[in-house]
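Only one structure is covered here, and it is reproduced in the block below.
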There are 2 protein chains.
Amino acid sequence: MSLNRQEVVRAAVEVLDQYGLEDLTMRRLAGLLGVKAGALYWHVENKQTLLALVSDEILASPTGNTPDRDVADRNQGLAEGIRAWAGSFRTALLRHRDGAELVSSTLPVRLGSVDPGEPVRELLGRCGLSGQQRYCSRALVHFVLGHVTEEQTRSQLHELGVVGEFDARGEEEDFDRGLELLVTGVCALVR
Amino acid sequence: MSLNRQEVVRAAVEVLDQYGLEDLTMRRLAGLLGVKAGALYWHVENKQTLLALVSDEILASPTGNTPDRDVADRNQGLAEGIRAWAGSFRTALLRHRDGAELVSSTLPVRLGSVDPGEPVRELLGRCGLSGQQRYCSRALVHFVLGHVTEEQTRSQLHELGVVGEFDARGEEEDFDRGLELLVTGVCALVR
DNA sequence: ACCTGAACACCGTTCAAGT
DNA sequence: ACCTGAACACCGTTCAAGT
């Protein structure tokens, strides 16, 4: 029974969840798969593309946070659409240890095939903001990734006993209120 | 003539600018200083704190972008104050190769002593938004770091001939317009 | 087709021992 | 006080050779 790309990626997600991004090494992954490190290079070109595949897996997983399909068709719909997108994006990242850091590191390299900003650009297009899609989606994606990266880093530092408090409720509040700043800004663009 | 902490940090900034964050290794840094790698541990406790010191150096450097002192005292002053802060923050990051990535990685660990969000919290306080300081400054810092990280990564990929176009003018436009979304959102909080 | 063995060129960090 | 030498326990990647 031989390996294939999918199994390698799924095992990588397991290593990520158990040991974190820092300890997601080719040798450790090979160990979990009962194989030597060199064998992995038959299935993936290098570590960077493997990380891009893991990133795609994280972003492609459904979150149960999907918006009502027909809510998003005017101004109130724009705000709700952005909130729903941001919520499910954040949820997807939080599902895996170091999810936000991994996606952040992998995104600008453009090796992955899933673009988390795509749904929000589509939404903006439907709301008559075709000329504002690029910079609005960039701002929104950066906000979510930055916020969740900080959340996950702090929660891990807390678990290691390094830092004082970690208030999950407060983190979500800050996320929602910070997002609302962008929602207000985007909605103000609509005539 | 023996080394000291300051010289180590300054040499680290040189290595960063010439070789990038990935190649800022203790061995390479030691080489530049004419010393063996182990010697560095007499001056800094470990690599992570060294990176925090480098991050502080980057953030502490003046940018010539400082705002007019007495513009920032009402609503128009709030918007202008945020723009000035964001501009000088971005400029400081752009002064060094991988500046944004370094600061991002170092910030949540809280080993550094310079907090880039501090000036903006002070500004918000002066404008009657004391209850909104934390989440507003977080959103602003995440936006700037995320945007500049993407700018620097893309510009490097472009130099390596990996990716198509890199339009510095367009990047700055996206930055300004994205920032304006947050400026609008923050200003809407003022009664 | 898929994997092993073994190497190459690196890492960060520690620590006895030197001066 | 400050640094060397040498080691420890790792990395990602390549590639002849095996099956």
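Each chain gets a letter, A, B and so on, in the order the sequences are listed, and its residues count up from 1. Side chains are part of it too, since the values below use all heavy atoms of this structure and drop only hydrogens, waters and symmetry mates.
In this structure, the side-chain contact (heavy atoms from CB on, under 4.5 Å) partners of A/Val9, at least two apart in sequence or on a different chain, are A/Leu50, A/Leu53, A/Val54, A/Glu57. Under the side-chain hydrogen bond (donor to acceptor under 3.5 Å, both in side chains) criterion, A/Asp17 pairs with A/His96, sequence neighbours left out. Judged as a side-chain hydrogen bond (donor to acceptor under 3.5 Å, both in side chains), and not counting sequence neighbours, A/Ser55 has no contacts. Annotation: side-chain hydrogen bond (donor to acceptor under 3.5 Å, both in side chains) contacts of B/Arg121 (sequence neighbours excluded): B/Asp115, B/Glu118, B/Ser137. With sequence neighbours left out, the side-chain hydrogen bond (donor to acceptor under 3.5 Å, both in side chains) criterion links B/Asp56 to B/Ser113.
A ring-ring contact (aromatic ring centres under 6.0 Å, His included) check over residues 102-158 of chain B, counting only residues at least two apart or in different chains, returns the pairs A/His142-B/His147, A/His147-B/His142, B/Phe143-B/His147, B/Phe143-B/Phe175, B/His147-B/Phe175. Within the structure, ring-ring contact (aromatic ring centres under 6.0 Å, His included) pairs that include any residue of residues 2-57 of chain B do not occur (at least two apart or interchain).
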Anything under 3.5 Å between a protein N or O and an N or O of nucleotides 16-19 of chain C, put it in a table, one pair a line.
none

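Within residues 29-44 of chain A, the residues that place at least one heavy atom under 4.0 Å from DNA chain C are, in residue-number order, A/Val35, A/Lys36, A/Gly38, A/Ala39, A/Trp42, A/His43. Contacts of residues 46-55 of chain B with DNA chain C (heavy atom under 4.0 Å): B/Asn46, B/Lys47.
Atom P of nucleotide C/dT14 and atom CD of B/Glu45 are separated by 11 Å, given to the nearest angstrom. Residue B/Leu24 contributes atom CG, which lies 13 Å from atom C1' of C/dC11 at whole-angstrom precision. Between B/Arg5 atom CZ and D/dC2 atom C1' the separation is 16 Å, expressed in whole Å. One can place CZ of A/Arg28 at 13 Å from C1' of D/dA9, the figure rounded to the nearest angstrom. If you take CG of B/Asp23 and P of D/dG12, they are 16 Å apart, rounded to a whole angstrom.
Put simply, B/Ser2 has no side-chain N or O that comes within less than 4.0 Å of OP1 or OP2 on D/dA1.
Under 4.0 Å is where a charged nitrogen must lie from a carboxylate oxygen, and between A/Glu173 and A/Arg169 no such pair does.
Along DNA chain D, the nucleotide closest to B/Met1 and the one closest to B/Arg27 are compared, and the more 5′ of them pairs with B/Met1.
In this structure, B/Met1 shares a hydrophobic cluster with no other residue, the cluster being traced through Ile, Leu, Val, Met, Phe, Trp and Tyr side chains under 4.5 angstrom apart.
Here the rule is salt bridge (Lys or Arg N to Asp or Glu O under 4.0 Å) with B/Glu171, and of B/Arg154, B/Arg90, B/Arg177 only B/Arg154 fits it.
Taking each heavy atom of B/Arg5 and B/Glu45 in turn, the nearest pair found is NH1-OE2, 3.0 Å.
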* Asked: Tell me, what's DNA chain C's dot-bracket, Watson-Crick or G-U with both distances under 3.5 Å, | for other-strand, [ ] crossing?
  -> ||.|||||...|||||.||
